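Below, chains carry the letters A, B, ... as their sequence lines are ordered, and counting in each starts from 1. All values reported here derive from a predicted model rather than from experimental measurement.
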Amino acid sequence: MKLMFHPLVKKLAISVVTIFVALTFTFILVRQMPGDIVHTWAMNIMQQQGVTYNEAREMAKAMLNYDPNVPIAVQYFKYMKGLLSGNLGTSLTYRIPVSVIIVQALPWTVFVCTLSLIISFVIGVLLGTTIAWKRKTILEPVVTLYASITQAVPDFLIALLLLVFFGVSLRWFPLRGAYSADTVPGFNIPFMLDVLYHAALPVLAYTLQYIGSWALAMKASATSVLGEDYIAVAEARGLKQKRIIVRYLAGNAILPLVTSLAIAFGTIVGGSMLVETVFGYPGIGYFFGQAIATRDYSLIQGLFLLTTVVMILANLTADIIYSKIDPRIKLE
Amino acid sequence: MKTLWRNIIESLGIISRNRRAFFGLLGVVFFILMATAGPLIIPLNMTADYVDRFQPPSLSHILGTDYAGRDIFQQLVHGSTDIMLIAFSTALFGILLAVIIGILAGLSGGRVDMLIMRVIDVFLTVPAFPVMAIFAALFRIRDPVTFGLVLAIWSWPGLARAIRSQILSLRKREFIEAAEIMGMSTSHIMFKELMPNIIPYITINFINIARGAITASVGIMLLGLVPLSVTNWGMMLNLATFQTGAIYVPSALSYLLSPMIAIILFQYSLICFGGGIDEMFDPRLRVQS
């Protein structure tokens with residue numbers, strides 16, 4: 001096989017181009033902003049740290065990784081070189097390198113997103129399989145209605161409702177943060193329980209949002225599998241019903257959903273800004289929202305790049321899983 | 001003109017035969033009336049009266065009062081105009097971009113087509129909400145139509161791709177070939193032969209883009225990134241959640257719930273109405289009754 005024409009190579013090439021475009025986008029973004037950013041940042045630094053304007057200006061240039069006095073081509077080259085060596089600039093608000101913020105925030109987002117995707121996926125698949133197998137039950141209209149209602153409710157509104165009822169009114173869950181100040185971070189039981197306790201509402205918000213669509217997707221997939229010959233053969237052979245449902249029906253119907261799982265992960269991370277802000281949950285979405293609100297350009301650049309890369313990796317994973325689990329499908 | 005009216009009445013007839021779609025139609029008409037006629041009928045009184053702040057619903061204030069003692073129902077009615085303008089302008093500009101780019105790609109083919117497809121790939125891969133939020137905040141938007149324009153920048157790629165593939169498949173059909181052989185002009189083929197076939201996509205996507213614009217604009221305003229008028233539903237949510245502490249006041253529950261329920265009802269109406277339109281264009285979907 002010629003490596004050049006391997007479909008995965010093409011996909012990878014497109015991904016690299018997309019990342020390149022995203023990088024260029026952030027480069028242009030900072031330079032197109034009205035007003036002199038370096039000046040604005042320098043004034044800010046001057047007030048806070050009591051240095052002279054020229055010193056503050058040099059600091060601002062370093063933090064933004066941006067020097068307006070050199071030609072644009074040199075700027076672009078320096079910017080790319082900085083990014084490739086892992087220099088994402090320094091945040092104006094937090095006064096630490098953007099890469100440090102990302103390293104601290106990303107695990108929380110990945111943790112909450114993964115947990116909610118797993119829970120909603122399992123429940124959705126169980127519901128979808130049951131509906132497809134049993135056909136006429138009360139469950140079907142209930143799930144369909146639930147799915148169309150949750151489709152109408154954006155996840156951040158679910159999050160707000162959960163916050164008001166379970167956080168503020170009933171006081172069952174904390175209102176902010178990823179863990180309490182009085183626990184010691186590390187692999188100890190109290191800390192891990194505390195983390196789960198704080199993650200409960202964000203996870204519930206995403207889970208409630210996603211259950212319906214997983215159930216409908218699984219129902220559609222399982223219904224089409226039910227029409228296959230091998231199900232009829234399995235029934236004719238007198239196999240136990242449980243075995244038919246688990247091995248033959250669910251096992252085959254789940255395949256197309258696994259791909260969506262990877263894409264859903266990318267979407268959920270990309271859209272985490274609102275839910276994390278509502279719960280004050282210190283993941284990348286929370287910092288992203290803060291960064292845009294305070295016009296913290298280096299942080300915006302870094303987080304935008306990160307979410308784009310996560311999205312691309314999710315899409316690539318989906319493509320690879322797709323071609324691996326279903327031999328009939330070849331990557332285009 | 002007469003046939004147009006007959007078509008519209010027939011379409012409405014098909015939609016109203018389906019209960020869910022009919023509910024959707026009623027909902028959409030209700031919200032359009034609320035946004036257009038509502039502000040004319042119901043005056044807005046924004047005088048602050050802090051004695052009456054966070055009142056629960058009562059006869060004088062049917063949805064209660066906000067943090068400054070102002071009527072929530074009035075704000076909800078006046079805020080709907082903003083929401084409708086944002087949704088409508090995003091959909092309009094988004095569709096316009098999608099149709100132009102989709103047709104261009106589908107008809108030109110070759111390198112132009114390939115280039116456009118790659119651009120669409122990039123647009124679809126880059127996470128939409130963060131881009132919209134960045135644009136909306138950094139452009140310092142002050143009015144709903146500009147907001148719609150900004151949201152539209154990231155709303156067209158899906159539809160453009162659908163239109164392009166639709167045109168590619170239509171071009172191979174016999175009736176287009178026949179029209180070409182008969183020597184009809186390109187513009188005739190485009191508007192008389194191709195357009196009717198992509199109208200269903202456009203209508204359904206109009207609703208979908210509008211829905212996406214409502215969610216995105218409310219989300220962006222909830223984050224406090226675009227300060228439009230305080231009566232805008234997204235601003236009401238932002239004020240209730242992050243600015244005035246209304247979520248901690250039990251009697252102010254209505255201040256938070258009113259815009260929320262309005263958004264959900266509007267979205268749900270659009271989904272139901274969209275389902276009806278789907279059925280109208282695709283008779284196979286119609287439930288036999």
Counting only heavy atoms closer than 4.5 Å, note whether [X] contacts chain A via side chain, backbone, both or neither.
X	value
Leu265(B)	neither
Thr125(B)	both
Leu225(B)	side chain
Leu270(B)	neither
Ile214(B)	neither
Leu222(B)	side chain
Phe123(B)	neither

Phe129(B) CZ to Phe288(A) CZ distance, which is reported to the nearest 0.5 Å: 10.0 Å
Rounded distance [0.5 Å steps], CZ in Phe156(A) versus OG1 in Thr241(B): 10.5 Å
So what's closer than 4.5 Å to chain B heavy atoms on [X]: side chain, backbone, both or neither?
X	value
Ile14(A)	side chain
Ile300(A)	side chain
Leu163(A)	side chain

Other residues, nucleotides, ligands: >12 heavy atoms within 6.0 Å of [X] [atom1]:
X	atom1	result
Phe242(B)	CZ	yes
Met114(B)	CE	no
Phe88(B)	CZ	no
Arg19(B)	CZ	no
Tyr94(A)	OH	yes

Decide yes or no for [X] and [Y]: does some side-chain heavy atom of the first lie under 4.5 Å from some side-chain heavy atom of the second?
X	Y	answer
Tyr248(B)	Leu175(A)	yes
Leu237(B)	Leu160(A)	yes
Leu161(A)	Met260(B)	yes

Most chain B-contacting option - heavy-atom pairs closer than 4.5 Å, from Thr267(A), Val17(A), Thr307(A), Val309(A): Thr307(A)
Partner chain B: residue of Leu303(A), Val278(A), Leu157(A), Val164(A) with the largest heavy-atom pair count (under 4.5 Å): Leu157(A)
Contact leader toward chain A among Val218(B), Ile134(B), Val126(B), where contacts are heavy-atom pairs under 4.5 Å: Ile134(B)
For chain A, the option from Gly224(B), Ala136(B), Ala133(B) that forms the most heavy-atom pairs under 4.5 Å: Ala133(B)
For a quick test of reading the model, state the closest non-hydrogen atom pair linking [X] to [Y] and the distance between them.
X	Y	value
Met273(A)	Pro130(B)	CE-CA, 3.8 Å
Tyr268(B)	Leu145(A)	OH-CD1, 3.6 Å
Pro127(B)	Met311(A)	CA-CE, 4.0 Å
Gln151(A)	Arg211(B)	O-NH2, 3.3 Å
Ala137(B)	Ile292(A)	CB-CG2, 3.4 Å

Ring centroid separation Phe135(B) to Phe25(A) under 6.0 Å: yes
